[in-house]
Amino acid sequence: MTKTASAKSSKKEATYLQTLEFKEAQAMLFLIDSDKTDPSLEDILMYTNTKDISNAHKALFSELSRNETLLDLYENVDKPLIPIVEKMEEVGIKIDVPYFFSLSKKYHEDLAILEKDIWKYAGREFLITSPKQLGEVLYDELRLGEKIKKTAGGARSTNADMLDSLKAEHPIIEKVLEYREIQKLLSTYIDPLPKLIDFESRIHTHFLHTGAATGRFASRDPNLQNIPIKTEAGAAIRKGFVAKDGYVLLSCDYSQIELRCAAILSGDERLLETFKKGEDSHASVASRVFNVPLDEVSKDQRRIAKVLNFGILYGMGVNALKDTLGSDRKSAQEFYDTYKKTFPTLVSYLEEVKMQAKRNGYTETLFGRQRQLKMMRSPLPFIRAQGERMAVNAPIQGTNADIMRIALIDITQALEEKKLTKHAIPLLQIHDEFIFEVAKGYEEQAKDTIVSVMEAVLKKHKKEADLIPILVSSEIGSTWGDL
DNA sequence: CGCATACGCGCC
DNA sequence: AAACGGCGCGTTTGCG
């Protein structure tokens, strides 16, 4: 059997010769204890106090069977998902290798120029990739920055936020930021990815179905869930992910899914209403918080509402709000208070989640997936606060993750029923979206099938939660960058 | 030399 | 002071 499966599938020697039995055991253990992310064989044997995977599997199934909800999740969601995800890994996604090479050449040249510029400004050569050395140059030698935030380890921070605030003080800053961006793209994506291709120029990630404590997948070796998109230089990388000849790429993503989950879980009427009406949710929230008509919401008001919306999902405090908005403490506090006053049911829901987490030691998603949060009972206030933030986020992120899992199963079934299995093939899952490879001529049929299945997940599996429309937007293109 | 850690940063 | 949830991964640095 897979004796060879390395202990913690350690970075270097990860062997992925994992049996179905092992993966099922992982899935069961993860449903029982969300902290057992990507459990190793040893973890599983240890937990079940058994000597082989077969007995461990039996033991886990027997324990899982004592909880109807978790057993249901296992039988109908996590277990059937295993072969589906395995198939996605096997298929992989094609990349345009010559294109990656040309990007590499260009960016390495850019990098060399930036390096020279930076050394010139610094008055000496140093390792720009070393935060320690960069800190010495900026803060000791060039004497930039008055009040420098410290890192967790006590060093003067040189992160992008810090550098941004120093931009006006010295031209070296902008160059360093550029250098960092290009260096990141080269070393993490552009240069490593082409080394990973198979005979068809396809690369194969490994999805960890027990990868994140909330129920999300993780993607590893390589991680294809963090391919750049934000900056122009980064987005260029997505153009290197392509459909094979005769096919196109199709992306289908849930829009505002986490905020919709928050609306459903909380039952907050005002939040639900913005989705019922199909409004731009950030603008709509802005209109309510700032008490202005929807069509008079300013750009800045919308921006603030967006930060508030996201902040709520993450358990953000006033301090973080202030930093994110770049505003003063007083107005941050006002925004925060007004938001809470505007969505009282949402706030009381979040309080309820924290209390439940403290009482039970775990949170639950809409579908009953648990996240363990024993830390809620810690004597240390900081740990408890951290637990509260996790507690607030876990049901929201986790419900989204459940919906994605169920959607993938339903999509697979629908494609089989419509005889589209060979013409529309799922390649990637990226938390709120799927990427498919679709045969030319089948674009519309595949898109319609997938979108309607995705939009129907809640009303099909959770009728009582069918409160607002769940919308999916889709794009078709010959490269990922076109989506 | 390999390994763990700190730091930083890519994505949702 | 401490920073808003969930991940994976690159480079540097110090250690055994």
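These numbers come from a predicted model, not from an experiment. The sequence lines fix the lettering, A, B, ..., with proteins before strands; numbering per chain opens at 1.
Looking only at distances, no side-chain donor or acceptor of A:Arg389 sits under 3.5 Å from a matching main-chain atom of A:Tyr314. Between the side chain of A:Thr205 and the main chain of A:Pro222, a donor-acceptor pair closer than 3.5 Å is present. For A:Arg238 (side chain) and A:Thr479 (main-chain N/O), no donor-acceptor pair under 3.5 Å exists by modelled atom type.
Here, B:dC7 and C:dA3 have their P atoms 14 Å apart, quoted to the whole Å. Separation of the P atoms belonging to B:dC12 and C:dC4 is 22 Å when rounded to the nearest angstrom. Taking atom C1' in both C:dG6 and B:dG2, the straight-line distance is 30 Å, to the nearest Å. Nucleotides B:dG10 and C:dA2 have their C1' atoms positioned 25 Å apart, rounded to a whole Å.
Protein atom CG of A:Asp191 is 14 Å distant from nucleotide atom C1' of C:dC9, rounded to whole Å. The distance from atom CG of A:Leu163 to atom C1' of B:dC9 is 12 Å, rounded to the nearest whole Å. Between A:Arg156 atom CZ and B:dG8 atom P the separation is 12 Å, expressed in whole Å. Here C:dT11 presents its C1' atom at 17 Å from CD1 of A:Ile182, a figure rounded to the nearest Å. Distance OH (A:Tyr336) to P (C:dA3): 14 Å, rounded to an integer number of Å. Computed from coordinates, the A:Glu181 CD to C:dG10 P distance equals 18 Å when rounded to whole Å. Atom CD1 in A:Ile435 sits about 13 Å away from atom C1' in B:dC12, given to the nearest Å. Atoms OH (A:Tyr179) and P (C:dG10) sit 16 Å apart, rounded to a whole Å.
Counting any heavy atom pair closer than 4.0 Å across all strands shown, A:Ala152 reaches sugar-phosphate atoms only and no base atom. Within the nucleic acid shown, A:Ile229 comes within 4.0 Å of sugar-phosphate atoms alone, with no base atom in reach, counting heavy atoms only. No contact: A:Glu433 has no heavy atom under 4.0 Å from any strand. When heavy atoms are screened at a 4.0 angstrom cut-off, A:Gln133 is found touching the sugar-phosphate backbone but no base atom. The residue A:Ala385 sits apart from the nucleic acid: no heavy atom pair falls under 4.0 Å. Looking at heavy-atom distances under 4.0 Å, A:Asn159 makes contact with sugar-phosphate atoms alone, never a base.
Regarding contacts with the backbone of B:dC9, a side-chain N or O of A:Arg180 is found under 4.0 angstrom from either OP1 or OP2. Taking 4.0 angstrom as the limit, A:Ser130 places none of its side-chain polar atoms (N or O) nearer than this to OP1 or OP2 of C:dT11. In this model, the phosphate group of B:dC11 is approached by a side-chain N or O of A:Lys230 to a distance below 4.0 Å at OP1 or OP2. Taking only side-chain nitrogens and oxygens, A:Thr188 never comes nearer than 4.0 Å to OP1 or OP2 of B:dG10.
For A:Arg220, the side-chain atoms get nearest to C:dC9 when compared with the rest of C:dT13, B:dG8, C:dC9. The side chain of A:Ser187 has C:dT11 as its nearest neighbour among B:dC9, C:dT13, C:dT11. Closest to the side chain of A:Lys184, out of B:dG8, C:dA3, C:dG14, is B:dG8. Among the nucleotides C:dT12, B:dC11, B:dG8, the one closest to the side chain of A:Leu127 is C:dT12. Here the nucleotide nearest the side chain of A:Thr158, chosen from C:dG14, B:dG8, B:dC12, is B:dG8.
Applying the ring pair (Phe, Tyr, Trp, His ring centres under 6.0 Å) test to A:His170 and every residue at least two apart in sequence or in another chain returns A:Tyr121. Taking the ring pair (Phe, Tyr, Trp, His ring centres under 6.0 Å) definition, one finds that A:Phe335 meets it with A:Phe290, sequence neighbours left out. In this structure A:Glu364 satisfies the side chain to side chain contact (heavy atoms under 4.5 Å, CB included) test together with A:Tyr362, A:Gln370, sequence neighbours excluded. Listed by chain and number, the residues in a side chain to side chain contact (heavy atoms under 4.5 Å, CB included) with A:Lys79 are A:Glu24, A:Tyr74, A:Glu75 (sequence neighbours excluded). Partners of A:Phe367 according to the ring pair (Phe, Tyr, Trp, His ring centres under 6.0 Å) rule, which considers only residues two or more places apart in sequence or in another chain, do not exist here. Residues satisfying the side chain to side chain contact (heavy atoms under 4.5 Å, CB included) test with A:Arg143, not counting sequence neighbours, are none. Take A:Tyr339 and apply the ring pair (Phe, Tyr, Trp, His ring centres under 6.0 Å) test, not counting sequence neighbours, and it matches A:Phe343.
Between A:Trp480 and A:Phe241, the two ring planes are perpendicular [angle over 60°; tilted spans 30° to 60°].
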Exercise. Go ahead and write out DNA chain C as dot-bracket, 5' to 3': ( ) for pairs within the strand, [ ] for ones crossing earlier pairs, | when the partner sits on another strand, dots for unpaired; Watson-Crick or G-U wobble, both distances under 3.5 Å.
Key: ....|||||||.||||
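Looking only at atom types and distance, the side chain of A:Ser219 has no donor-acceptor partner in the side chain of A:Gln225 under 3.5 Å away.
Among pairs with a residue in residues 147-163 of chain A, those fulfilling salt bridge (charged side-chain N to carboxylate O under 4.0 Å, His left out) read A:Asp140-A:Arg156, A:Lys149-A:Asp323, at least two apart in sequence or across chains. Every pair tested for ring pair (Phe, Tyr, Trp, His ring centres under 6.0 Å) that includes a residue from residues 127-159 of chain A fails, sequence neighbours excluded, so the list is empty.
Within residues 470-481 of chain A, no residue places a heavy atom under 4.0 Å from DNA chain B.
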What nitrogen or oxygen pairs link the protein and nucleotides 4-7 of chain C at under 3.5 Å?
| from | atom 1 | to | atom 2 | distance (Å) |
| --- | --- | --- | --- | --- |
| C:dC4 | OP1 | A:Ala320 | N | 3.3 |
| C:dC4 | O3' | A:Arg389 | NE | 3.2 |
| C:dC4 | N4 | A:Thr324 | OG1 | 3.1 |
| C:dG5 | OP1 | A:Arg389 | NE | 2.8 |
| C:dG5 | OP1 | A:Arg389 | NH2 | 3.4 |
| C:dG5 | N2 | A:Arg216 | NH1 | 3.3 |
| C:dG5 | N2 | A:Arg216 | NH2 | 3.2 |
| C:dG5 | N2 | A:Gln397 | NE2 | 3.4 |
| C:dG5 | N3 | A:Gln397 | NE2 | 3.4 |
| C:dG6 | OP1 | A:Arg371 | NH1 | 2.8 |
| C:dG6 | OP1 | A:Arg371 | NH2 | 3.1 |
| C:dG6 | O4' | A:Gln397 | OE1 | 3.3 |
| C:dG6 | O4' | A:Gln397 | NE2 | 3.0 |
| C:dG6 | N3 | A:Arg216 | NH1 | 3.2 |
| C:dC7 | OP1 | A:Ala213 | N | 3.2 |

